[in-house]
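This one's a predicted model, so the numbers in the text were calculated from it and none came from an experiment.
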Amino acid sequence: MNIDVLQKRIRLPELRNKVTSAEAAAEHVKDGMTVGMSGFTLAGCVKSVPHAIAKKAATHPLKISVITGASLGNDVDSALTNAGVMARRSPFQTDRTLRNAINRGEIMYVDNHLSETGEQLRRQQVKPVDVAIIEAVSITESGEIVPTASVGNNEIFATQAKKVIVEVNLSYSLEMEGAHDIYCASHFPNAAPIGIMSPRDRVGSIGISVPPEKIVAIVITDEMDTPSQNLPPDGETAQIAGHLIDFFKNEIKHGRLTQNLRPLQSGIGTIANAVMSGLQTGPFSHLTMYSEVLQDSTFELIDAGMMDFASATAITLSDQKSREVFGNFGRYKKHVVIRPQRISNHPEVIQRLGIITINTALEADIYGHVNSTHVMGTHMMNGIGGSGDFTHNAHTAIFVTKSVAKGGVISSIVPMVPHVDHTEHDVDILVTEVGLADLRGLAPRERAQTIISNCVQGEYKDMLKDYVREANLRGGQTPHVLEKALSWHQRLHETGSMKEKPN
């Protein structure tokens, strides 16, 4: 490796002799350990050492527990799963191979609110991290680790682990230095308020402070993160965005919002990203974001001059947008800050800033309960992620979904969701391409009528009206026909469609 590059990337001289191979670094990971790996929704994911651990397992069988910020990219979860290395995993994942192993019961998966994982580690409520593997842009003169495209739980991993392995990734420009705000909230019973009064505020340092003696290996890599595979906006997501724009306009008309709205949060994924992108057609200005992930739509709004500033714990982009943003990061640096997820997702800050949250529902029921994690109520999809952190503490909590899935054989609005991630008490607005249901201030029977009228169409609307009519005859604050409440899912299981008379 070029000595000049090495000196720029590892500026504490005593650490340069720690540079080694991924295989040598992997030797620090032993059977039964808990390993903290950097990575959040594909961004800032460690790349070389996890694959070396998977290869090591071929000749030295081992089982480890893996904790991350959120999902890993670069096929890390697949490699560890296929190698039989992973015994436990938390708090979020999106990998198909890992997901299948979880649903077969082969890997114990702990689906956490993303604000809680680090807190549970710090409170010693779960097994501590033995080894931390962290991706970095550089290591400063004082030994601070400067992360790449995400911070996630890196700060708590590095603080708690007995050994720290750093992957210095040359594919990220040194321009990223200064984009991070690493802050460790004080601990109760004397916890102080977090001094973030706007998304722009900085309260920490540019890197993660680690005693140099804890860093046992440094591996040099040169590989970008796995790009997001979000689909482009389509007609239905444009309709959802249109309904939201009309809602915001009405809120402005009645003095509940201004054209700046409130700081925005958007969940990861195609629909939420497409809806955020659709806000470009609205009459808004000087927008801000306080979220956990910045996706393509954030930078589209910045480029359009509509968004002034965005705060998150990760930047997860498509291949093309990644090249544009990270290839010219100096242009965007003044518009963004990347924080630890315990800060980006902290309930105190979310409540104080009065955030408008936009997350995606897998399905919702007639009373506004939302399932965002479990297919058919039993099979894990990805995890709750940060949607619970933001929804429960939001100024206005919005969920978006297309009204049907799989060509119309599945309705996204059902009599009762078979798994509840977000209760009716937290969900304010539900939007499909059909329309928007404002559920604020409504009793359960009113919520049912509003959702059915505004968010459902065709045969499913008639089926839900029939269900509610029968349920209301039985009475109750939240009427149900219990023997039929999950009949739609049962019919889907048996016939392949929720429709009463499949075509």
Side-chain angles (χ1 to χ4, degrees), residues 35 37-51 53-55 57-58 63-112 114 149-150 152 223-232 267-274 292-293 295-296 314 316-319 322 359-363 371-387 401-402 405-407 409-410 412 418-419 421 489 492-493 496:
V35 181
M37 297 185 183
S38 72
F40 194 104
T41 55
L42 310 181
C45 170
V46 285
K47 300 168 177 70
S48 294
V49 178
H51 283 282
I53 294 170
K55 291 178 182 177
K63 291 282 188 181
I64 61 174
S65 297
V66 176
I67 306 178
T68 61
S71 52
L72 299 175
N74 299 81
D75 295 322
V76 168
D77 275 324
S78 289
L80 294 174
T81 300
N82 288 331
V85 171
M86 193 127 44
R88 302 180 70 83
R89 179 74 165 85
S90 66
F92 186 83
Q93 55 75 41
T94 57
D95 182 85
R96 183 188 300 272
T97 300
L98 172 58
R99 180 187 306 135
N100 289 340
I102 290 168
N103 287 321
R104 290 193 300 267
E106 296 169 2
I107 294 174
M108 295 297 102
Y109 178 53
V110 182
D111 180 24
N112 269 354
L114 296 188
S150 73
E223 184 179 0
M224 288 300 293
D225 289 316
T226 301
S228 71
Q229 301 299 316
N230 286 342
L231 298 174
I268 190 76
T270 292
I271 296 179
N273 180 63
E292 61 182 17
V293 182
Q295 300 184 86
D296 286 20
T316 301
L317 304 172
S318 67
D319 184 54
S322 178
N359 288 288
T360 303
L362 191 63
E363 61 183 346
N371 172 20
S372 60
T373 59
H374 283 70
V375 177
M376 297 291 283
T378 57
H379 281 55
M380 173 58 64
M381 189 65 181
N382 298 328
I384 195 169
S387 58
T401 183
K402 295 184 179 183
K406 302 295 183 183
V409 299
I410 297 174
S412 299
H419 179 91
D421 292 294
H489 296 84
L492 175 63
H493 174 71

Between [X] and [Y], which heavy-atom pair has the shortest distance, and what is it?
| X | Y | result |
| --- | --- | --- |
| Gln295 | Gly269 | OE1-N, 3.2 Å |
| Asn103 | Met380 | OD1-N, 2.8 Å |
| Leu42 | Leu72 | CD2-O, 3.5 Å |
| Asn371 | His419 | CB-O, 2.9 Å |
| Thr316 | Thr41 | OG1-O, 2.7 Å |
| Ala57 | Ala83 | CB-O, 4.0 Å |

Can you tell me how far apart [atom1] ([X]) and [atom2] ([Y]) are? Round to the nearest 0.5 Å.
| X | Y | atom1 | atom2 | value |
| --- | --- | --- | --- | --- |
| Ser71 | Asp77 | OG | CG | 8.0 Å |
| Ile107 | Ile102 | CD1 | CD1 | 6.0 Å |
| His51 | Asn74 | NE2 | CG | 6.0 Å |
| Ile268 | Ile271 | CD1 | CD1 | 13.0 Å |
| Thr94 | Met381 | OG1 | CE | 9.5 Å |

Please answer whether the main-chain N or O of [Y] pairs with a side-chain N or O of [X] as donor and acceptor at a distance below 3.5 Å.
| X | Y | answer |
| --- | --- | --- |
| Gln93 | Asn382 | yes |
| Arg89 | Tyr109 | no |
| Gln229 | Thr270 | no |
| Asp421 | Ser372 | yes |

Exercise. Among all residues two or more places apart in sequence or in another chain, which pass the side-chain contact (heavy atoms from CB on, under 4.5 Å) test with Thr401?
Worked result: Ala361, Ser412, Thr432
Exercise. Which of these passes side chain to side chain contact (heavy atoms under 4.5 Å, CB included) with Thr68: Ser38, Ser150, Cys45, Pro91?
Worked result: Pro91
For this session: Evaluate the side-chain contact (heavy atoms from CB on, under 4.5 Å) criterion for residues Met224 and Ser322: first the C-alpha distance (whole Å), next the side-chain angles of each, then the deciding distance (0.1 Å), finally the verdict.
Result: CA-CA 9 Å; Met224 288 300 293; Ser322 178; 3.7 Å; yes
Exercise. Is the number of heavy atoms from other residues, nucleotides or ligands under 6.0 Å of Lys402 NZ greater than 12?
Worked result: yes
Can a side-chain donor-acceptor contact be found between [Y] and [X] if the only test is distance below 3.5 angstrom?
| X | Y | answer |
| --- | --- | --- |
| Thr81 | Thr97 | no |
| Asn112 | Ser90 | no |
| Arg96 | Ser78 | no |

Do [X] and [Y] have side-chain heavy atoms sitting under 4.5 Å apart?
| X | Y | result |
| --- | --- | --- |
| Lys47 | Asp225 | yes |
| Glu223 | Ser48 | no |
| Asn230 | Asp296 | no |

